[in-house]
2 protein chains.
Amino acid sequence: MTTPTGDQALIKRINTAIVLESILRNAPLSRAQISEQSGLNKATVSSLVQDLIDGSLVREIGTGQSSGGRKPVMLDFVSSSGYAIGIDLGVNYIRGVLADLRGNVVAERTSSLRLGDAGGEAGVSIAVDQLCGCIESLMTEAPASAYGIVGIGVGVPGLVDDGGTLLLAPNLKWRDVPLQRILTDKFSLPVTIDNEANMGALGEQKYGAGRSIGNIIYVSVGIGIGTGLILNKSLYKGASGFSGEMGHLSVEAHGKSCTCGNRGCWEMYASEQALLEQASPLGFDDLESLLAAAGEGRADVLELFAGIGEYLGIGIANIVNVFNPDAVVIGNRMSQARPWLEDVLRRTVVQRALGFHLRKVQLLFAELGERSTMMGAAEMAIEGFFARVKAT
Amino acid sequence: MTTPTGDQALIKRINTAIVLESILRNAPLSRAQISEQSGLNKATVSSLVQDLIDGSLVREIGTGQSSGGRKPVMLDFVSSSGYAIGIDLGVNYIRGVLADLRGNVVAERTSSLRLGDAGGEAGVSIAVDQLCGCIESLMTEAPASAYGIVGIGVGVPGLVDDGGTLLLAPNLKWRDVPLQRILTDKFSLPVTIDNEANMGALGEQKYGAGRSIGNIIYVSVGIGIGTGLILNKSLYKGASGFSGEMGHLSVEAHGKSCTCGNRGCWEMYASEQALLEQASPLGFDDLESLLAAAGEGRADVLELFAGIGEYLGIGIANIVNVFNPDAVVIGNRMSQARPWLEDVLRRTVVQRALGFHLRKVQLLFAELGERSTMMGAAEMAIEGFFARVKAT
DNA sequence: CTTAGTTTGTCTATCCAATAAACTAAGTTT
DNA sequence: AAACTTAGTTTATTGGATAGACAAACTAAG
């Protein structure tokens, strides 16, 4: 058990992080402003800023307004000093993005993934090839920069351990795929793999509906239901590196049996799958046609959506009671049904969540739509880069 | 926004904390051992240890075994350099303890609290007087020491905000009682107020069934159900300072209406209250007589307990799926029914919790019994003291 | 246009904690 | 007794942060 001890290098790391953070959040600003905000001495700030400039992460962008004295030299973060790749590996598509260190999108790729009957090994191989092709294609789009590609983030529809192995992806029929190792070996870059919902949560918290909110719960309603928890601005993962399996919260103690072994799981009542099952007798077999029918005002379809909305609300009320977050963001495919879900959902949550929490909780819908996961994956790579910078 | 900056004082604090922590966990040990374990230089350790000795927190207790060289001077933590008070303020009792800085009990007090019809203001005043009496009585038992009474912790049956105000205690019929302020004003000591379940969780994690387990969920099954979450060895509190209202997780989406506004709340099915309601037709009106009857093997009573056990398992499976903890500890009054609950409970959890988590999760019963909360409250005061020491 | 006052950013001397290495102390082994 | 081991202290050095002095560059008032 070797605890990281405190020495002068640690101080410098801490203070460099403070300065960098300050620039990232408030750019453009001057050395004097950083000093005042942070409490660090002017000389200290000057020295650390110089290091950052030497490291190509910060640059001077000319003088600012004077308020009766020497004009300040304004500093800016050089977001083009490196680029990150974010991937959303879906059940039947691959989406990828190349973003700079501020998350500005430089290039984007989408391709459909048709594994057909190629389950197991064969399917993995096809998908990994396509995935690598997507990454390579994005890499060629990256402008020359000080740090180049700083990392790759991948969101996947399944359970991931902390070593980046996809333990189980029911809808892909994959099991124990060491995705992180595969990609690290191939690209020799830092790779982060995480659940699609965790990535989506990060994406919405950083670039979408949850901007600058500290505690959000992202509910990804697709075929199943996944959740991503951001507590105190960072992703919460359970004891052994995965948690948030709230799709399998039981909301009907003696309800339908689920493949997970439990009964009455939330996602048996509030997911796209649940919706489609109920819609099948009416002659629908995909979400898009149901959305169209709802748009035309078909009463029986509207009722179906209301039912889903109520069950969504039941689960969300549970989550609110447990985590008492600042906001709940609903994302993934089902968020398109917002017009027909929102009212009943909101009503159910207000009715069922404890009054104390409700005073604060906001109910939001994803702003990035189908790009939440991809952007979150890129953000994960970016954060990894910053963590490494700060550790040096 | 003034971020705490890094300077030399910070280094010293960090390293002092490392040394103190090392002594607390591994005493008795020598300076050389601390140096080796922590990676700190021998000279640094010597200097920091001297500071701790000067501060009466550590002392030399003679020489240890030599392994071929000079004998080491063994160090020990001076647990008698200060004392903490822990209080369990129940609905109809007050329990208090005086413990040294290692949690060794020096004195204990129990008194019953009969508020009768004195609800609201009058009840508060009576209870607070009795509470203060208990504290004063415990304080007189404290031996002379360097730091004296280092703090008071109080566990209460209700919702507490981060300012130590008891917002709502349904079973006491209290509302907005600024308990922390009242006690700080009276005793001029650091006071921590928290929910009974949070305190119980801390008590069991530190001194009871969950010793040295990093992530535990304590389920306090009494009149209602409360939960305390310890994640990464520290108490997790939600966004606005309170969370863990898992008694109000809905396990039957369309079940019985609860006073909280929700339906099918867990505690409507698995608490002492739920048990008593079902037992009333059989002619029982308290837990003790039911336990006795179960002990004599009355079939109808055993069935009641089995029912409670199943619902407890349903809720715990949910918790396990959400938090994926290392252990779940069942405490408070219902833990006395262990012999009649455990089998069905264990079976239900195994059946319903996702296999992945189950590999790790332990199901435990509280070891401290009715003393969990009180000991946790004392521990809270002790931790507060250490935090202050480390901050200086 | 001068002068006073203000703000920015750098420079210098100093402080302080950690450290390596030398050293003292006190044992064990051969 | 000599050689080796281990514990803990002393000393000189290192590398950050800091206060305060300072130079540079500006505004505003007379």
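Side chains are part of it too, since the values below use all heavy atoms of this structure and drop only hydrogens, waters and symmetry mates. Since the model is a prediction, treat every value here as computed from it, not as a measurement. Residue numbers begin at 1 in each chain, while the letters A, B, ... track the order of the sequences.
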Problem - side chain to side chain donor-acceptor pair (under 3.5 Å) against B:Tyr147, all qualifying residues, sequence neighbours excluded - result: none
I want to check something: taking the side chain as every heavy atom from C-beta on, are [X] and [Y] in contact at a cut-off of under 4.5 Å?
X	Y	answer
A:Ile11	B:Ile11	yes
B:Ile23	B:Leu29	yes
B:Leu24	B:Leu20	yes

Fill in the blank from the handout: Nearest-nucleotide check on DNA chain C, B:Ala43 vs A:Arg70; residue mapping nearer the 5' end is A:Arg70
Practice task
Give the C-alpha distance, both sets of side-chain angles, the deciding distance and a yes or no for side-chain hydrogen bond (donor to acceptor under 3.5 Å, both in side chains) between B:Asn26 and B:Gln37.
Solution key: CA-CA 10 Å; B:Asn26 308 310; B:Gln37 277 180 27; 3.0 Å; yes
Handout entry: Positional range of nucleotides in DNA chain D within the contact set of chain B, heavy-atom, under 4.0 Å
Key = D:dT5 to D:dA17
Exercise for the section: Rounded to the nearest angstrom, tell me the gap between atom NZ in A:Lys42 and atom C1' in C:dC11. Expected result: 11 Å
Completion exercise
Judged by nearest nucleotide, the residue sitting upstream toward the 5' end of DNA chain D, B:Val73 or B:Gly69, is B:Gly69
Handout entry: Pairwise 5' ranking along DNA chain D for B:Ser46 and B:Ser66, keeping only the more 5' one
Key = B:Ser66
Students often get this wrong, so: under 4.0 angstrom with heavy atoms, is [X] touching a base, only sugar-phosphate, or nothing?
X	answer
A:Ser47	nothing
A:Lys12	sugar-phosphate
A:Ser30	sugar-phosphate

Fill in the blank from the handout: Any strand, both distances under 3.5 Å, Watson-Crick or G-U wobble: D:dT5 pairs with C:dA26
Completion exercise
Paired to D:dG30 by Watson-Crick or G-U wobble criteria (both distances under 3.5 Å) is C:dC1
Handout entry: With A:Phe386 via ring pair (Phe, Tyr, Trp, His ring centres under 6.0 Å) - residues at least two apart
Key = A:Phe77
Handout entry: Salt bridge present between A:Arg211 and A:Glu367 (N-O < 4.0 angstrom)
Key = yes
Problem - Polar pair under 3.5 Å, donor/acceptor by atom type, side chain B:Asn41, base C:dA18 - result: no
Handout entry: B:Asn15 side-chain N/O to C:dA17 phosphate OP1/OP2 under 4.0 Å
Key = no
